[in-house]
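Keep in mind that this is a model prediction, so the values were computed, not measured. Letters A, B, ... are given to chains in the order of the sequence lines, protein chains preceding strands, and every chain is numbered from 1.
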Amino acid sequence: MPELPEVETILRGISPHLIGQKVHAVHVRQSRLRWPVPDKLAQILTGQTIDAVKRRAKYLLLRTSAGSLMIHLGMSGSLRIVNDEIPPGKHDHVDICLDGLTLRFRDPRRFGSMFWLDPGSDSHPLLDKLGPEPFSGMFNGEYLYRITRKRRVAVKQLIMNSQVVAGVGNIYANEALFRAGIRPDRAAGRISRIRYENLAECIKKVLSDAIKQGGTTLRDFSGGHGQPGYFQQSLNVYGRGNQTCVVCLRPLKVIRLGQRSTVFCNRCQT
DNA sequence: AAATTCTCCTGAAGGC
DNA sequence: TGCCTTCAGGAGAATT
C-alpha cells in the first residue's frame, strides 16, 4: 500500500509530466471513492494549468490557479502516466487528460479520495488536523517525549496516529520500532526521552531509506504495467512473522495492535 | 481528552 | 476447477 515513501516517489515520478501542463479533459468513471469525488471536479479542472505538485502526509496536491486537487491513494490506489490511447481498466476511476498523456487514478478497493481545495489556502479539515511531517524539525524525540507523558496507548499506535506525526503507516511503524529496539506494545508513557530521540531518528531514517529505494523499485510511471514494489528486500520485520530475526535469529512474534498486524523481536525489542 | 471500535472495498490466498 | 471464507489495511467517524 502506498505509504509516505511511496507517495513521495510517485510525486517525484509524475511531477515532471504534470507541471506546466494544461488539463484538456477530466473523466470520472467512478465517483464513489471513500468520499464522493466532487461533482464540479471536471468542470473546474478542465482548462486549468498544473502549476505545482506537492505532498502533505500521504496526500498529493495538484495546484492550479483555480484551486488544488487533493488526492489520497488509500491502500490500493495508484497514479500513473499513460498514453491517452490505452483504454481504462475496470478500476481506473479517474483520468486527467493532458496534452497527449493522461494521469490515471486506479483504486480497486476505493479507499482513496479526492477533494477540491479553493485557491490560495491549501487548507482542508483533513489537512489541518495532521501532526508534523516526519522530516520536519518539529518532529523529534523531545516532541514525542513531551506529548506522551501519562499516555498508555501502545507506542506503535501512537506513531501511526496522523495527529501525532503525519504519514507513518503500518509497514514503517513496524520497521522503525525494530530499528529503535522498542517493543510495539510498550506504553507510550513508559519510554524515556533518550529512547524517543532514537525512535524519532529511526522513523526519519527508515522513511528516507525507503524513498531512496523507491527510486529504483518504483521508477516506472509511464506504461500500464508493473505493480510498485514494496521494498520487501529491506524489510526486517514487516511480513516476516515467525521467520527469524535478522539480528538474533530467534522467531519473530506476531500480535495485533489496533486491528493491525504487528511483528517484532521479543529479544531485540524491549 | 484519550482510547477503542467501526466502516468503507475488493483482490489474494487458503481450505475443501 | 471453482466456490467459499478469511485476511489485509488508511484513517476518519463513531462510540466508549
Side-chain angles (χ1 to χ4, degrees), chain A residues 1-11 28-38 55-61 70-79 88-94 105-115 117 123-134 144-176 184-191 203 207 210 225-232 235 237-242 252 254-263:
Chain A
M1 67 304 306
E3 293 210 18
L4 186 147
E6 285 82 351
V7 175
E8 179 67 26
T9 304
I10 290 167
L11 163 68
V28 179
R29 285 178 290 271
Q30 169 62 276
S31 61
R32 292 179 54 230
L33 302 182
R34 180 169 186 191
W35 289 281
V37 175
R55 179 187 63 76
R56 170 78 173 104
K58 299 178 190 171
Y59 290 96
L60 287 171
L61 298 173
M70 172 174 148
I71 303 172
H72 196 289
L73 298 173
M75 62 168 289
S76 62
S78 64
L79 283 171
K90 181 180 176 184
H91 302 296
D92 290 333
H93 304 315
V94 179
F105 174 86
R106 173 182 299 184
D107 188 3
R109 297 184 193 177
R110 306 198 338 243
F111 282 11
S113 55
M114 291 191 185
F115 293 98
L117 310 186
S123 175
H124 186 278
L126 300 182
L127 296 181
D128 298 342
K129 290 177 187 166
L130 291 170
E133 286 288 321
L144 286 176
Y145 180 79
R146 173 164 41 82
I147 65 167
T148 51
R149 294 310 86 192
K150 298 183 180 176
R151 288 181 67 170
R152 280 175 288 189
V153 68
V155 62
K156 174 160 175 277
Q157 291 173 279
L158 178 96
I159 62 175
M160 289 180 66
N161 181 342
S162 64
Q163 297 185 39
V164 171
V165 54
V168 178
N170 196 35
I171 296 175
Y172 298 109
N174 277 300
E175 294 299 316
D185 58 353
R186 177 173 283 277
R190 293 292 201 82
I191 293 173
I203 290 171
L207 293 175
H225 54 84
Q227 280 295 101
Y230 293 151
F231 317 106
Q232 302 276 15
L235 298 177
V237 287
Y238 181 83
R240 297 193 64 246
N242 303 317
L252 295 170
V254 184
I255 59 173
R256 303 284 292 180
L257 279 180
Q259 328 280 2
R260 298 291 179 306
S261 175
T262 303
V263 188

Answer yes or no: does a side-chain N or O of A:Arg256 lie under 4.0 Å from OP1 or OP2 of C:dC7?
no

On the nucleotide C:dG9, are OP1 or OP2 found under 4.0 Å from the side-chain N or O atoms that A:Lys58 carries?
no

According to a cutoff of under 5.5 Å between the ring centres and under 30° between the ring planes, does A:Phe111 stack with the base of C:dA11?
no

Just verifying a value: how many Å separate A:Gln30 CD and A:Asp92 CG, rounded to the nearest 0.5 Å?
12.0 Å

I'd like to know whether CZ of A:Arg152 has more than 12 heavy-atom contacts from other residues, nucleotides or ligands below 6.0 angstrom.
no

Once the angle between the rings of A:His124 and A:Phe115 is folded into 0 to 90°, is it parallel (under 30°), tilted (30 to 60°) or perpendicular (over 60°)?
tilted

Identify all pairs in which a protein N or O lies below 3.5 Å from an N or O of nucleotides 3-7 of chain B, and state each distance.
from	atom 1	to	atom 2	distance (Å)
B:dA3	OP1	A:Arg152	N	2.9
B:dA3	OP1	A:Val153	N	3.3
B:dA3	OP2	A:Arg151	NE	2.8
B:dA3	OP2	A:Arg151	NH2	2.9

Of the listed nucleotides (C:dG9, C:dA13, C:dG12), which one gets closest to any side-chain atom of A:Ser162?
C:dG12

Under-4.0 Å side-chain N/O to phosphate OP1/OP2 contact, A:His72 with C:dA11
yes

Compare side-chain N and O positions of A:Tyr172 against OP1 and OP2 of C:dG10 and report whether any pair is under 4.0 Å apart.
no

Apply side chain to side chain contact (heavy atoms under 4.5 Å, CB included) to residues A:Leu4 and A:Arg55 and explain how you reach the verdict.
CA-CA 9 Å; A:Leu4 186 147; A:Arg55 179 187 63 76; 3.2 Å; yes

A:Leu4 CG to C:dG10 C1', in whole Å, measures 13 Å

Looking at A:Tyr238, I'd like to know whether one of its side-chain N or O atoms comes within less than 4.0 Å of OP1 or OP2 on C:dA8.
no

List, with names and distances, any nitrogen or oxygen atoms from the protein found under 3.5 Å away from nitrogen or oxygen atoms belonging to nucleotides 11-15 of chain B.
from	atom 1	to	atom 2	distance (Å)
B:dG11	OP1	A:His91	NE2	2.5
B:dG11	N3	A:Arg109	NH2	3.4

Looking across every strand, which nucleic acid part, if any, lies under 4.0 Å from A:Leu126 by heavy atom: base, sugar-phosphate, or nothing?
sugar-phosphate

Could you tell me, to 10°, how much the axis swings from one end of the helix from B:dA2-C:dT16 to B:dC16-C:dG2 to the other, five pairs per end?
50°

